[in-house]
Amino acid sequence: MHAHAVHLFGVFFEHSAGYLDAVHRVKNANRSYKPVANELMITFTRWTTVEECIEVPIDFPTVVFSLTPFDDVAKFVDNNDFFIDVMGVITDISTPTMLRPRSRDADSLKRTIQIRDANNSTLNVSLWAEQASAFEADAIHKAGKSEPQIILFVGTLAKNYPGIGLALSGGSACKWYINIDVPAIVELKDKTGTNFQPINWIEAPARAAVEEVAENKTVRELLEINPHKCKKVRFQAHVTVRRICNDKCWWYGSCQRCFKVAKPYGSTYKCTSCSNIAVAVPRYRIVVIAGDDSDDAMFVLFG
Ligand SMILES: [Zn+2]
């Protein structure tokens with residue numbers, strides 16, 4: 001969405017409950033992070049205009065979602081093709097915690113909400129940053145003392161963190177709706193109403209340790225590790241950069257989906273790992289020789 005259109009929509013949504021007609025472009029849907037399973041998407045350009053429709057048809061959908069059963073969530077771990085929508089009764093709300101997740105370079109606020117489905121299965125949804133602070137926890141906790149709070153989360157991704165387990169992650173694309181008047185929510189409310197429990201308030205530590213603590217190693221120890229036995233294990237080492245390997249290119253064309261090398265393929269690019277066909281994105285890959293008292297090694301820095 002063009003910046004101009006973002007402003008336009010900001011104004012529009014503040015003043016209107018209607019829906020809109022817009023001048024837009026239609027193109028193929030993105031290959032990843034799809035909110036809905038449509039093949040086409042609309043893009044809003046510098047030239048988009050918005051017109052308010054006063055007479056909104058009664059059957060005009062206000063929320064679009066496609067529910068994933070809790071039992072199926074595990075199948076979507078680290079799959080970024082689609083966002084996942086889930087629904088459940090809120091059982092626990094945690095206070096927010098500051099921590100540094102392994103996927104980011106900076107501290108981030110995290111709040112965890114536990115939800116339960118009609119089969120009494122539970123699932124954690126972690127809200128991050130703005131989403132964590134936007135969640136009206138006090139009001140929802142209070143309302144949850146007398147009435148079940150059925151929440152619909154849209155735009156989440158499935159994660160399986162070591163030591164934490166399966167959870168959904170709600171970043172900037174995540175939205176939620178509570179006790180709204182849609183058949184799926186009304187149905188779950190009926191099913192779970194007899195088993196009503198007030199929402200638990202979980203006091204999380206104000207500042208949590210890093211989600212995954214990387215073990216310290218010397219360079220010599222790192223060189224002796226069998227990489228096949230330590231896949232996805234993180235280590236850290238204190239090193240001095242001896243030299244930058246200028247004979248290696250500082251960047252490469254990367255796959256938008258998995259960041260591996262994408263090679264020219266006709267007029268576009270094809271990933272050498274996941275075979276995704278799309279425009280390659282330039283990504284830094286800098287090779288340095290660095291070491292400590294024990295040894296030197298080649299380090300590849302991505303970014
Ligand atoms: Zn790829």
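Atoms within each ligand, like the ligands themselves, are counted from 1 in listed order. Since we're looking at a predicted model, the values are computed, not measured. Hydrogens, waters and symmetry mates are skipped; everything else that's a heavy atom, side chains included, is used.
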Checklist entry - Between Ile93 and Phe153, is there a shared hydrophobic cluster once you connect ILVMFWY residues whose side-chain heavy atoms come closer than 4.5 Å? => result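 Same cluster: Ile93 reaches Phe153 through Ile, Leu, Val, Met, Phe, Trp or Tyr contacts under 4.5 Å.
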Item to check | ILVMFWY cluster, Val73 and Ile113 together (side-chain gap under 4.5 Å) | outcome: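 In one cluster with Val73: Ile113, yes.
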Please tabulate, for the side chains in residues 82-89, all donor-acceptor contacts under 3.5 angstrom to protein atoms that are two or more places apart in sequence or on a different chain.
from	atom 1	to	atom 2	distance (Å)
Asp85	OD1	Gly155	N	3.1
Asp85	OD2	Ser66	N	2.9

Item to check | Side-chain heavy-atom pair Leu109, Met98 within 4.5 angstrom cut-off | outcome: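 Yes. Closest side-chain heavy atoms under 4.5 Å.
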Checklist entry - So what's near the Zn ion (ligand 1), protein N, O or S atoms under 2.8 Å? => result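 For the Zn ion (ligand 1), the protein N, O and S atoms that sit under 2.8 Å away are Cys255 SG, Cys258 SG, Cys271 SG, Cys274 SG.
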Name the atoms and distances for all side-chain donor-acceptor pairs under 3.5 Å in residues 267-284, with sequence neighbours left out.
from	atom 1	to	atom 2	distance (Å)
Thr268	OG1	Ala278	O	3.4
Thr272	OG1	Val261	O	2.7
Arg283	NH1	Tyr252	OH	2.9

Going by atom type alone, with no hydrogens or angles, which donor-acceptor pairs under 3.5 Å involve a side-chain atom of residues 286-303 and a protein atom two or more places apart or on another chain?
from	atom 1	to	atom 2	distance (Å)
Asp292	OD1	Ser294	N	2.9
Asp292	OD1	Ser294	OG	2.6
Asp292	OD1	Asp295	N	3.3
Asp292	OD2	Val219	N	3.0
Ser294	OG	Val219	N	3.4
Ser294	OG	Arg220	N	3.0
Asp295	OD2	Arg220	NE	3.3
Asp295	OD2	Arg220	NH2	2.2
Asp296	OD1	Arg242	NE	3.0
Asp296	OD1	Arg242	NH2	3.2
Asp296	OD2	Arg242	NE	3.3

